[in-house]
Number of protein chains: 2
Amino acid sequence: MQKQETLSKNQKIILDLIEKSDQPLKAYSILFDVKKKGINAPLQVYRALNKLVKIGKIHKIESRNAFIACKNSKCQIAKATVFSICESCEDVTEIHDHKLSEHLRDFKDNKGMKYNKYNLEFFGLCKKCV
Amino acid sequence: MQKQETLSKNQKIILDLIEKSDQPLKAYSILFDVKKKGINAPLQVYRALNKLVKIGKIHKIESRNAFIACKNSKCQIAKATVFSICESCEDVTEIHDHKLSEHLRDFKDNKGMKYNKYNLEFFGLCKKCV
DNA sequence: AACGCTGTGTAATAATATAACATATTTAAG
DNA sequence: CTTAAATATGTTATATTATTACACAGCGTT
């Protein structure tokens with residue numbers, strides 16, 4: 001509840017837009033939409049996106065190169081994300097499953113790696129598309 | 001042990017290259033390397049990559065836009081992949097963890113989605129980079 | 001006032017990926 | 001054994017995604 005206030009102008013504009021969409025937005029579609037607000041160049045969009053990802057306000061759907069707002073207030077830092085993706089309609093939903101999170105958080109491999117982050121994407125068909 | 005034989009010329013060339021590398025390769029670096037073998041255009045590379053992904057011979061590391069050979073002979077279809085990625089040296093390792101796989105395979109969300117595929121990427125620092 | 005940090009604006013360009021078209025090769029069916 | 005369907009090839013052009021490089025502005029600290 002403190003970082004929210006310190007967002008810059010461009011960051012606010014872009015976060016607003018993403019939060020209004022319940023589906024992931026692509027960087028250049030964001031750029032198109034915010035041109036009327038005076039944001040003219042890809043880099044302005046990417047800079048804001050990178051910051052918003054870093055502070056956990058949005059997540060990147062890696063397999064789709066798209067960005068979605070984080071609805072979970074606890075999710076201050078983008079370190080543990082799980083999504084379901086419908087391969088037909090491309091609907092994306094963020095998943096918060098306690099048991100699954102526990103398992104992923106506690107996962108240890110045999111390489112001695114220290115994990116600070118993970119991203120999991122499930123693919124399939126949603127109810128409408130089955 | 002049957003699909004191996006039916007790979008086309010370009011597919012074989014590109015699979016060979018990827019299998020010789022223990023780390024993920026990017027499409028345009030592959031293109032550069034196979035130019036001496038008569039593959040001249042990005043599309044020729046992407047077509048082969050897509051096919052190899054589809055039959056499970058290679059996997060795409062989504063967060064890196066790179067492709068790595070699948071070392072697991074059982075992994076005939078690219079439907080369940082787990083990787084660890086070092087954020088410092090970019091070393092990537094495919095993980096096969098029975099308990100984890102079980103959990104992911106059995107995961108059910110409350111949206112009634114039918115999953116046929118997932119991709120999980122863990123990020124952190126490998127032993128060398130800690 | 002000088003510094004470090006974060007952000008802005010702009011132009012250029014790099015890196016990743018696909019569309020569209022013409023043709024060839026392989027496979028399976030009649 | 002030939003026709004049709006499916007898969008693969010080669011090429012050109014272009015779309016999409018993302019970063020480099022440079023100049024400067026605002027703000028809080030020391």
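Chain naming here is simple, since letters A, B, ... match the order of the sequence lines and numbering starts at 1 in each.
Following rounding to the nearest Å, B/Lys9 (NZ) and C/dT26 (C1') show an atom-to-atom distance of 15 Å. The CG-P distance, from B/Asn10 to C/dA24, rounds to 16 Å in whole Å. In this structure, B/Lys12 atom NZ and C/dT25 atom C1' are separated by 13 Å, rounded to whole Å. A straight line from CG of A/Asn65 to P of C/dA17 spans 7 Å, rounded to a whole angstrom.
Closest approach of A/Ala69 and A/Ile18 over heavy atoms only: N-CG2, 3.4 Å.
A distance-only check finds no donor-acceptor pair linking the side chain of A/Glu87 to the backbone of A/Leu125 [under 3.5 Å]. The backbone N or O of B/Glu19 lies less than 3.5 Å from no partner atom in the side chain of B/Asp16, so there is not a single donor-acceptor pair. A donor-acceptor distance shorter than 3.5 angstrom exists from the side chain of B/Asn40 to the backbone of B/Gly38, with no hydrogens or angles considered.
Rounding to the nearest 0.5 Å places OH of A/Tyr46 at 5.0 Å from OH of A/Tyr28. Interatomic distance, B/Leu49 CG to B/Leu43 CG, rounded to the nearest 0.5 Å: 11.0 Å. Atoms CD1 and CZ, from B/Ile39 and B/Arg47 in turn, are 10.5 Å apart once rounded to the nearest 0.5 Å. Taking CD1 of A/Ile14 as the start and NZ of A/Lys57 as the end, the distance is 15.5 Å to the nearest 0.5 Å. Rounded to the nearest 0.5 angstrom, B/Asp33 CG and B/Leu25 CG are separated by 7.5 Å.
Distances shown here put every side-chain N or O of A/Ser8 at or beyond 4.0 Å from the OP1 or OP2 atom of C/dT6.
Bending across the helix from C/dA1-D/dT30 to C/dG30-D/dC1, expressed as the angle between its end axes from five pairs apiece, amounts to 40° (10° rounding).
Once you apply a 4.0 Å limit to the heavy atoms of chain A, the touched nucleotides of DNA chain D run 5' to 3' over D/dT17 to D/dA21.
Remark: B/Asn40, B/Ala41, B/Leu43, B/Gln44, B/Arg47, B/Lys51 in residues 29-51 of chain B come within less than 4.0 Å of DNA chain D through at least one heavy atom.
A parallel orientation is assigned to the rings of B/Phe107 and B/Tyr115, their planes being inclined by less than 30° (bins at 30° and 60°).
The pair A/Arg64-A/Glu121 fails the salt-bridge criterion, with no side-chain N (NZ, NE, NH1 or NH2) lying under 4.0 Å from an Asp/Glu carboxylate O.
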